[in-house]
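A note on names: the letters A, B, ... follow the listed sequences, proteins ahead of strands, and every chain is numbered from 1. Just so it is clear, the model here is predicted, and its values are computed rather than measured.
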Amino acid sequence: MAPKSKSGGANADLKQEDILQAVVFADSFDTNFSPISDDVPRALFPLVNVALLDYTLEFLCSGGVQEVFVLCCHQAQQVKEHLRCSRWNEKTSPVNVVPIMSEGCLSMGDALRDIDAKNLIRSDFILIYGDLVSNIKLQSLVEEHKQRKEKDKSAIMTMVFRQVPPGHASRCPEDDIIIAVDNQTHNVIHYQRLAESKSKGFEFPVEVMTDHRDVQIRYDLLDSNISICSPQVPQLFTDNFDYETRDSFVRGILINEEIMGNTIQMHVVKDAYAARVSSLQMYDAVSQDILNRWTFPFVPDSCYRHNNDSISYSRHNIYLSKKVTLARDNRLVENVMLGSGSTVGSNSVISHSVIGKNCTIGNNVTIEGSYLWNNVTVEDNCVLNTALVCDNVTLYEGVTLCPGCVLSKDVSVGPKVELQSGTVAVSSLQDDFGDETDAPDAGTDAAFGSQGHGFVYKDDGEDSDVEDITHRMWGVNVETESSDEEDSVGSDDSDSQPGSLPPDVPVYYTEMLDTIQRSKDENISCENLILEINSLKHAYNISIKELTGLVVKVLLEQPFSEDPSLSGPTALIAVKKSLTRHIAVLRNYIRNEESQSQCLVAIEVFGGSSSAHMPLVTKIIHFLYEEDLLLESSILRWYKAGPQNLPDSDDEDFEERDNKHAEIRLQVAPLIKWLEEADEESEDDED
Amino acid sequence: MRSSATAHASQKDCAVLSFRTVSYTLHQRKAVPVVLAAGRGSRMTDLVSQTSKSLLPVGNKPMLWYPINMLQRAGFEEAIVVVLSSYQAETQKLLEMCGVAMRLDIVSIPDQDYMGTADTLRHIRDKIKRDVLVVSCDLITDVSLHHIANMFRTYDATVTMLLCSQPETPDTPPAPGPKTKKRSERDFIGFEDNGNRVLFMTSEADLADMDDDKIKFRKSLFKKHPNVRIRSNLTDCHLYLIKKWVTNFFNKRRVDTTFDILSYIPEDPMTATIRDMSTWVDHRGDMEDCCHGDKIRCYAYTVTGSLCVRTNTIASYCETNKQIPRYLATLNKGAANIDPSAIVKGKPQRSIIGRNCVIGEKVKISNSVILDRVQIADGCSVQGCIISSNAGLGERCELKDCIVGGAQNLPPDSKFTNEALVAEEEMLEI
């Protein structure tokens, strides 16, 4: 009897071996989408009117996965309920989807330890997040993984990446990774998430190069977070309780590669789609990719099973549900999806947007690059640009949403209100204990209009720094990114010549102009102003020689920057006023002959820069002479000096320069004459 | 006819970025070949005490003959050879003996100055009128130069270099002489993926000096080239094809900023126009110009499978000597393992025996290199050795893996293993 049962058991084992399993986290364990994700778990966000989790499950299903464990943590009941009502619970479902309630889990590590404790994994399995949209062919990947494992028992995980060059729309700064791979073994040697590293450049341990003869360093990969894992992986998580995320797991494996002998392989997909909806920016990018059909076959018109209505697909990527009501003269430009039961009024323009179910759009509405979830009402004359509008939101007449607004559930705005770029609104504030505050004076924010209802969302103090919020604001991201770019270019320059930063004169100049303007507005004393100028000097690497000239130039031009129309006597008065106010500053910088000549050159440049300035030159020099800032001898020397290349004008042609030189000399001639006469007189006196 | 050929060449020149592989021989384009033969042989000091490295015989021909022969095969008609002044006459004599058909301009540099490649090019700057092909005298290869020339032109490269992939077996046969700790001289070369463009190059020694065991890269490198391949299994063969303007740049001794170097690049308006019009780009993913507008670009041609060695160490010198008969055979040159002028009574195996050697009876010689005018008395056994010129071995000497210095006489019945038998004063020098 015994042998029989044994063989039976072995058969059962074999049968089980054939089942391909997957573990899906219906939680991302981060707060990138708060406050929206406070009520709705990310996995249930509608993405082009289908819940995110359904894309993930469809993907697994098409990849031949037969058993899926969905780990529900945050808002677990909602996920469970969703699964119960979905097609995955029908008898015809090709996949056995098992929700696993593990509400106590705070990280991916916890969740995997939970899996290990429940002993659910029998063979190689696929580990993904419930916010993945992909059409990668899984079978071949799993096959490859198995083959590799046959050859080399130590290969415990295959990470799947999609090749996406830097600068692509679907790369978000958080997901910037750099990976080093051994070209011969295809083992991952080094894995680094750039958002975590503080340094400006890239750093690798020397061993990456010295221990491997042929290494590939890749910065063109997008981490799809699909991993094909051996059954040991959950055990490893259990053994190493400090593994919190997949990153820490990968790092741990790589560091202990020699001790434990485990390796991680990678697979790069070039011609298929894979992206995680990990932030607002990615939500936007992935939605557009779906509308553009990059994710085929997971496109709106074929995902009807989840919508329970059929969707027609027409030119310019317009997707319309059957039960849509459109006024005659509205325009759907391109990449538009309208959910069932929605109505669009006349003369409205919609492009690059997704409108959910049962939405009502009024007349003369413009919607661009925005995502409206279900039951949203937009009244006449509203303008929505790059906004995310959640369920049951009402926008009254004439509301304008500037790029990057996020309105969460039940908020209402208007009428005739403009929300600033990057506004995040919630319908109720929660205090530290998660209870709704019901203090009467904490009524709705005035910014939301007379009939509006909502609060500006503020993240709970500690763990949010400014940086965090800017990443979350999508739509304004373009701007921050470009400034990043500049920063890094700047740092490159400094890398190339350490110690000798190129002086940044124009920037310094404008900075100083601002400083002096401010000192005037706020009545800052001259001593403090000197301090500020000096500190700016260090910040911009300006030499003391250049500084004198710049200070004079700034002081002379400041009145003109305030009022460009100044001319004649009023200009003179303004300039004199500026000089008198800052006389102490000038005294500080104009001390010796050299600084005096710097000052005179600056005045000359000032005079030459505009015809309005020219007549002032003599008066300015006279004024400074009277103030004992400029000595006679310096003025005379400057007057006699030939035309020289002025610091600001080396590109000018010589003729013009000479003309200006002569003109200024002509202007100053009476003063010089007077000076010379005075000189003679005083000499006479001495005699 | 000739002028039309050059006109044709300059037209092609403009069309470099149309990325057609244009294969016409190098001499049409008239690059100046420069053979650097003034090396000190710092990695093989025991052998070069009496002679210049470039004149050490390999397969009974001076080492220098091989690169010159390579140039000749590529169709060059003249070449500049840079030697140390004290060996100028000898070099000339030896090369004449080997029968070189090219016009050689032998330039000498003072013995006492140490000159690197750039210094040397600066030294002979007046002779450089065109692009330069720099070859080291210790390069022995059967790689056809037109591959490098084609790459140079197709990519409009500033510098094109020759790299050879090292065999995967790290255990080289034991080298003669005392066992020394093998110095690691690997180069780390970063390539653009699927391309031949070299992005950076650093040596193992430099890496060892890193402060905190981290290598730093600029972000812009990976932004431009998101897929970089770093290889350390390649050897730099010291063969470079360099644009003319680079030598102009060398000539200016003081190099201040990167801006400085850019000002030396002549921009041919025609090339620029063609580049603008061409739809070809070398990368994907952004709207940048071809090559990201980089004006200085280095490319490398990587050889696999061909004979390509640098005889700059004792080990490689031995190894090359063993392989050289096969190589010479491919060139249709008589493989002369044993020089006709040598009097050899025994049967040496896998060995090279130089001019006017006298080798006695019952002498066993295997895997060895015996230079000129060596006297080996009866009954000796020589295995895996290098015996320099004018040396003499007494009767019944047994040497295994040794180096015998120039004009050293070993008494009869000496037995040595893994030793460098050189004159005392030379020992001190080391």
- Message: In the structure I gave you, are the side-chain heavy atoms of N227(B) and Y219(A) within less than 4.5 Å of one another anywhere?
- Response: no

- Item | Euclidean distance, R218(A) CZ relative to F222(B) CZ, rounded to 0.5 Å | 12.0 Å

- Task: Check whether any side-chain N or O of S232(B) sits under 3.5 Å from a backbone N or O of H212(A) as a donor-acceptor pair, and report yes or no.
- Result: yes

- Separation between CZ of F191(B) and CD of Q216(A), rounded to the nearest 0.5 Å: 12.0 Å

- Query: Side chain, backbone, both or neither: which part of I178(A) has a non-hydrogen atom closer than 4.5 Å to chain B?
  - Reply: side chain

- Item | Pairing residues for N256(A) by the side-chain hydrogen bond (donor to acceptor under 3.5 Å, both in side chains) criterion, not counting sequence neighbours | none

- Item | Derivation of the side-chain contact (heavy atoms from CB on, under 4.5 Å) call for D214(A) and R229(B) | CA-CA 7 Å; D214(A) 194 344; R229(B) 185 175 178 195; 2.7 Å; yes

- Note on the structure: Taken to the nearest 0.5 Å, the spacing of R231(B) CZ from N183(A) CG works out to 8.0 Å

- Message: Between H225(B) and I217(A), is the side-chain contact (heavy atoms from CB on, under 4.5 Å) condition met? List the steps.
- Response: CA-CA 10 Å; H225(B) 313 283; I217(A) 294 182; over 6 Å; no

